[in-house]
Protein chains: 2
Amino acid sequence: MRHIINLLQKISPELIELIERRYTILRHVSHSQPIGRRLLANSLKIGERVIRSELDFLKNQGLLGGDSSGVSLTGEGEVLVRELYEFVKYFRGLHEIECSLKESLGLGRVIVVPGDTDQDELVKKEMGRAAARYLQEIMKEGHIIAVTGGTTVREVAEAIPVFSSERDILVVPARGGLGEALEIQANTIAAKIAKNLGAQYRLLHVPDNIGEEAMESLSRDPRISEITTTIKSANILLHGIGNAKEISGGRADTLEETRRLVAAGAVGEAFGHYFSRDGSIVKTIHSLGIRLTDLKTIEQVIGVAGGKKKADAILAVVSNRMETVLITDEAAGRAILELLGPLST
Amino acid sequence: MRHIINLLQKISPELIELIERRYTILRHVSHSQPIGRRLLANSLKIGERVIRSELDFLKNQGLLGGDSSGVSLTGEGEVLVRELYEFVKYFRGLHEIECSLKESLGLGRVIVVPGDTDQDELVKKEMGRAAARYLQEIMKEGHIIAVTGGTTVREVAEAIPVFSSERDILVVPARGGLGEALEIQANTIAAKIAKNLGAQYRLLHVPDNIGEEAMESLSRDPRISEITTTIKSANILLHGIGNAKEISGGRADTLEETRRLVAAGAVGEAFGHYFSRDGSIVKTIHSLGIRLTDLKTIEQVIGVAGGKKKADAILAVVSNRMETVLITDEAAGRAILELLGPLST
DNA sequence: TACCGCGGGACAATAAATGACCATATTTTT
DNA sequence: AAAAATATGGTCATTTATTGTCCCGCGGTA
């Protein structure tokens, strides 16, 4: 594979630009279909006329079908996008990034999608797809899946194709936490995932950052203790990774709290734990659900996060090496390697 | 492989044209180096200016190097041409042709080079290369290689790279025959091959089409009988295939003879035997050396011939299924399949 | 209804590819 | 040693392809 690509690159470098351009278009269409050429041109920052010619071409090739509301992928186009993805991975050197990251972070697997989440929101969707695909790959009947909140994990939830019949799978939130907006709460996302998956779900209605005594009394509640036990016995943990600087929840008190944490060296956050750059824990938010020590018993820990800004956060969280899988984007991947560079060279 | 090509063809069909064009240029250069752009443009029938841009490009890519006497392949270019060859095979469907031919003719292997020997003399050189490469692949120490005459086999001889040290290999002419021009006589070619190979050679100075009694007496000569015995114990036979209509040797009597043979149904000739379309023998030229019945004991019989005109001749000769390998060109390959078509469908 | 985004047509401006020379150096042939 | 053939590089008008822009009418949706 690598070999063939090098060959092509040598004999006709202009080709790879062309393929990449067309791939970008196809991919964008696949995310926003149906869509028109103007909107496409704007978000891709390519001349409208260029898009137009390409669209005509892709239609001729039978990859795109157009109706009055815009162009969409045909079945053939859908297949092609998926297949082309592997190809583009090589062009962009994503494959190399994946390997380097896997190697230097000691992970079981790393998936890197092209682009930068900070610059193009579609990249987040792409990560979501990759994570969803991976999740479905490893998922088995009887599994319990614990998920956290966050916009990235939400994309994962939305990327899971609807499964019509039922499955013996249980989706639960990884931790309590009701502070955030409803749409990105762990509970909401767990329900969403369960719904698409055709699985069951249980929710945990517990606020985070509660006091020691409150936690104690809550955990004595039989219904709550039952669900927390279930959570702790999860087979798969799917979690996002937050940048410590940007976690505030909007409230003034947590903003102040965040500042203190950052001053204490926190750079990354995941499932209620703040990590410093070297991977050690700066603070654990008081709540119920999964704690760092529980990770050992979980078969698959999947971390999903992207964007250059989150590079150090990802590095901090993943340095604990409890993750088996990291799904990120090109920008973050490169940034992490750069952070790692001076050490590993 | 097939899969990747389809992918590329779908996403950017213009690519294959481009690659093919560049490949053609590289290949031509590799045959005629050093060569200038004008000559190149003429023989390739491409605009001079176009050649020029492509040449500039290929130089930039480090595939071509130019001095004042013209452009030549660099080491990298040479490697690339070879690798690209496999690629182009797929583009042109040569791979399919090879498989179909192999299947319908029941051969051990078929190698098809792109182009038409009748239209572009370089194609013959290309066949020569392919045959030379194959020959070197299967050749072992201690082998005896028997070769026939003809322009095509001469190209094979010339395509064999010079081997500096010596090898325990013996090259002999497959049959007697001094009628033809010196350069394409079996003896000359055997010597040439041996020289390039770093092998020994023995010659057989016997005219063809001799009378029964003359043959008898010649074969009683100890020196001649020794070499004929050697020839009959050859491990590899490399032979050309002639079109019955075009074999005349220039002399009036053989011309007349040829006419008679064609009238009798002969379409193809190989190592002194005339074959009719269904593969049966019309006539065997009286001479010493390999006869059809000897082929059974020869491990590898390699037939080399190309050009649309020879399609029926090749089919006739190869129909005996004594060949293990056929090396031909695209035009002949397609023509043969067409001849075969009505039968095999 | 008014609006937004859709495809498609049209066209000028711009960029790229091509064809057709010439000048001159070098190699090869005579 | 001269002559012929071939080589590269430069130039430039011409043709062809690409691109930017604007306009039009259509069909959903707010």
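Residue numbers begin at 1 in each chain, while the letters A, B, ... track the order of the sequences.
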Check your understanding: For every nucleotide of nucleotides 19-30 of chain D, 5' to 3': is a protein heavy atom under 4.0 Å from its base (B), only from its sugar-phosphate (S), or from neither (-)?
Key -> BBB-B-------

Atom pairs and distances, donor-acceptor, side-chain atoms in residues 61-70 of chain A, under 3.5 Å, two or more places apart:
residue: A/Q61; atom: NE2; partner: B/K10; partner atom: O; Å: 2.7
residue: A/D67; atom: OD1; partner: A/S69; partner atom: N; Å: 3.2
residue: A/D67; atom: OD1; partner: A/S69; partner atom: OG; Å: 3.0
residue: A/D67; atom: OD1; partner: A/G70; partner atom: N; Å: 3.4
residue: A/D67; atom: OD2; partner: A/S69; partner atom: OG; Å: 3.3

Using residues 79-86 of chain B as the side-chain source, report each donor-acceptor pair under 3.5 Å to any protein atom, sequence neighbours left out, with the distance given to one decimal.
residue: B/E83; atom: OE2; partner: A/H3; partner atom: NE2; Å: 2.8
residue: B/Y85; atom: OH; partner: B/V112; partner atom: O; Å: 3.4

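For A/E78, the side chain to side chain contact (heavy atoms under 4.5 Å, CB included) test picks out A/L73, with sequence neighbours left out. Every ring-ring contact (aromatic ring centres under 6.0 Å, His included) that A/F91 has, sequence neighbours left out, goes to A/F87. With sequence neighbours excluded, no residue forms a ring-ring contact (aromatic ring centres under 6.0 Å, His included) with A/Y23. Legend: residues meeting ring-ring contact (aromatic ring centres under 6.0 Å, His included) with B/H31, ordered by chain and number and at least two apart, are absent.
Salt-bridge check for A/E183 with A/R154: failed, with every basic side-chain N at 4.0 Å or more from each acidic carboxylate O.
For B/L58 and D/dT8, the CG to P distance is 13 Å, given to the nearest whole Å. Here the P atom of nucleotide D/dT8 and the CD atom of B/Q33 are 13 Å apart, to the nearest Å. Between the C1' atom of D/dG9 and the CG atom of B/D56 lies a distance of 10 Å, rounded to the nearest Å. If you measure from atom CG of B/N42 to atom P of D/dA5, you get 14 Å, rounded to the nearest angstrom.
Counting only residues at least two apart or on different chains, the salt bridge (Lys or Arg N to Asp or Glu O under 4.0 Å) pairs with a member in residues 12-25 of chain B are A/E14-B/R22, A/R22-B/E14, B/E20-B/R92, B/R21-B/E54, B/R22-B/E54.
Bounding nucleotides for the chain B contact on DNA chain C, 5' to 3', at a heavy-atom distance below 4.0 Å, are C/dT18 to C/dT27.
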